[in-house]
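Structure record follows, encoded as structure tokens.
Start at 1 and go down the list; that is how both ligands and their atoms are numbered.
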Amino acid sequence: MDEKKTILSGIQPSGALTLGSYLGAIKNWAELAESYDCYYMMADMHTITVRQNPADLRRRTLEQLAAYIAAGLDPEKNTIFIQSHVPAHAELSWVLSCYTMFGELSRMTQFKDKSAKNADNINAGLFTYPVLMAADILLYQADLVPVGEDQKQHVEICRDIANRFNGVYGEVFKLPEPYIGKVGARIMSLQTPENKMSKSDPDQNGCVYMMDRPEDIARKFKRAVTDCDACVRYDVKEKPGISNLMQIYSVATGKSFADIETEFAGRGYGDFKAAVGDAVIELLRPVREEAERLIKDKAYLESVYRAGAERAERTAMRTLRKVYKKVGFVQR
Ligand code: TRP
């Protein structure tokens with residue numbers, strides 16, 4: 001019997017992966033493989049809620065897979081797959097949509113934000129996005145879902161849907177909990193440190209990408225927004241820019257905030273920003289080089305996502321069959 005708890009998470013291949021997704025998510029996932037049964041997906045089905053260029057989506061999905069592996073996710077120890085390769089996601093999503101209320105979907109903050117941003121394309125998929133995400137999670141009977149702060153509401157609604165279903169049919173779904181990592185969970189934009197570092201940031205200097213060249217990384221950190229008191233001190237409220245850089249430097253080097261304050265006492269911001277840039281360059285260098293190598297190895301990537309889909313499907317179908325039986329569908 002496998003007693004390990006199950007973890008599932010995913011990232012939409014809607015843009016290049018950022019330093020934020022690396023430090024806040026993927027890097028931490030790699031350490032979970034020994035203690036948990038882990039599933040990670042490229043959430044390609046979620047990305048089409050916003051219009052995508054097909055060739056770009058295909059390329060970014062494979063780049064994301066290469067980046068996952070380069071960042072240390074071992075495909076032998078983790079189930080890594082592409083969401084659209086496992087039809088059970090769409091199938092369970094339909095069933096769950098019949099157990100999800102119009103009102104609760106209308107209250108989701110992400111839906112409100114995204115429909116404000118895409119006023120010309122407020123499609124039904126954008127509205128039912130949380131139902132598909134609930135299906136992603138519940139199919140694998142996940143105990144824990146590593147997500148950023150902004151996705152907590154989605155795990156909440158997933159629990160509500162699961163609870164409602166279980167209330168009618170018995171204990172079909174395990175109730176998942178959000179799993180918010182310790183440090184580095186929230187890397188902010190280098191230009192507007194009040195906002196999360198995001199691949200959709202219109203200001204290119206605010207966001208460092210996992211695959212950025214060293215000279216671009218150095219430039220972005222050099223231009224990072226700080227404040228005018230020239231003292232390296234952790235204070236998110238008063239000094240959001242410096243605090244964010246400290247956060248990044250701390251995760252990249254393992255140094256504590258106190259150590260960093262001592263290291264840069266009496267030195268200017270210029271020195272500090274250069275040091276953070278250098279630390280990030282060295283942190284990302286091996287990951288980028290390995291990802292670049294992998295992306296050229298199409299046969300290998302294909303073997304990984306095929307094996308991943310097969311493994312994922314086996315687990316997912318177990319849940320889907322149970323659900324179909326419970327709701328009264330005739331077995332084929
Ligand atoms: N909605 C998530 C995001 O944008 C991506 C995602 C899709 C996800 N399905 C998931 C995350 C299931 C965790 C679990 O970040």
Side-chain angles (χ1 to χ4, degrees), residues 5-18 20-26 28-29 32 36-50 52 57 60-61 64-65 67-68 73 78-86 88-93 96-97 100 105 108-115 117-118 125-162 173-181 185-187 195-201 207 308 312 315-316 319:
K5 288 193 169 184
T6 300
I7 282 194
L8 176 132
S9 197
I11 298 180
Q12 297 186 58
S14 54
L17 289 168
T18 69
S21 16
Y22 178 60
L23 294 181
I26 308 167
N28 308 322
W29 295 352
L32 301 171
Y36 298 92
D37 192 11
C38 299
Y39 293 85
Y40 300 109
M41 36 165 222
M42 320 321 131
D44 57 345
M45 292 166 70
H46 277 105
T47 65
I48 64 164
T49 54
V50 173
Q52 302 290 330
L57 176 57
R60 280 195 312 257
T61 304
Q64 187 171 315
L65 174 62
Y68 276 9
L73 284 188
N78 299 275
T79 302
I80 308 176
F81 66 103
I82 299 173
Q83 186 185 28
S84 64
H85 287 183
V86 182
H89 290 248
E91 295 173 288
L92 182 62
S93 181
L96 294 180
S97 72
T100 307
L105 289 176
M108 298 299 287
T109 22
Q110 184 173 292
F111 173 68
K112 290 191 246 175
D113 289 351
K114 286 200 178 171
S115 27
K117 273 190 205 146
N118 302 286
L126 200 59
F127 189 64
T128 58
Y129 180 114
V131 184
L132 178 58
M133 183 159 158
D136 298 338
I137 297 167
L138 299 176
L139 275 176
Y140 300 91
Q141 306 285 352
D143 298 276
L144 298 171
V145 184
V147 283
E149 219 33 73
D150 62 314
Q151 293 292 315
K152 259 169 101 171
Q153 200 186 20
H154 282 145
V155 182
E156 285 304 317
I157 194 174
C158 171
R159 287 173 61 93
D160 293 341
I161 299 168
F173 297 123
K174 194 170 271 175
L175 296 191
E177 309 218 2
Y179 178 88
I180 312 273
R186 216 162 146 72
I187 303 298
N195 302 329
K196 182 172 131 169
M197 181 179 282
S198 160
K199 51 198 169 199
S200 48
D201 193 335
C207 178
T315 310
T319 302

Inset, instruction - Below 4.0 angstrom from a heavy atom of V145, which ligand 1 atoms are there? Numbered from 1 as shown, please. - result: 13 (C), 14 (C)
Legend entry - Where ligand 1 meets L8 - atom numbers and elements under 4.0 angstrom, heavy-atom basis: 12 (C), 14 (C)
Legend entry - Spatial distance of atom CD1 (I26) from atom OH (Y68) [nearest 0.5 Å]: 6.0 Å
Inset, instruction - May I ask you to check whether Q12 has an N/O atom sitting below 3.5 Å from an N/O atom of ligand 1? - result: yes
Inset, instruction - Could you find the nearest protein heavy atom to atom 11 (C) of ligand 1 and give me its residue, atom name and distance? - result: G10 O, 3.4 Å
Inset, instruction - Give, for atom CG of L96 and atom CD1 of I137, the distance between the pair rounded to the nearest 0.5 Å. - result: 10.5 Å
Legend entry - Numbered atoms of ligand 1 (with element) below 4.0 Å of A43, judged on heavy atoms: 7 (C)
Legend entry - Q83 to ligand 1, any heavy atom closer than 4.0 Å: no
Legend entry - Sub-4.0 Å atoms of ligand 1 with respect to non-hydrogen atoms of Y129: 1 (N), 2 (C), 3 (C), 4 (O)
Legend entry - Those atoms of ligand 1 less than 4.0 Å from some heavy atom in V147: 13 (C)
Legend entry - Protein heavy atom at shortest distance from atom 9 (N) of ligand 1: D136 OD2, 2.7 Å
Legend entry - From CE (M197) to OG1 (T18), nearest 0.5 Å: 6.5 Å
Inset, instruction - Establish, from distance only, whether the side-chain atoms of Q12 and Q64 form a donor-acceptor pair under 3.5 Å. - result: no
Legend entry - Option among I82, L57, I11, T47 that satisfies the side chain to side chain contact (heavy atoms under 4.5 Å, CB included) test with M42: I82
Inset, instruction - Starting from atom 2 (C) of ligand 1, find the nearest protein heavy-atom neighbour and note its residue, name and distance. - result: Q151 OE1, 3.4 Å
Legend entry - Nearest non-hydrogen protein atom, atom 7 (C) of ligand 1: H46 ND1, 3.3 Å
Inset, instruction - Count the heavy atoms belonging to other residues, nucleotides or ligands that lie under 6.0 Å from NZ of K117, then report whether that count exceeds 12. - result: no
Inset, instruction - Examine the side chains of Y140 and T79 and answer whether a donor and an acceptor come within less than 3.5 Å of each other. - result: no
Inset, instruction - Enter the distance from Q83:CD to M41:CE here, rounded to the nearest 0.5 Å. - result: 4.5 Å
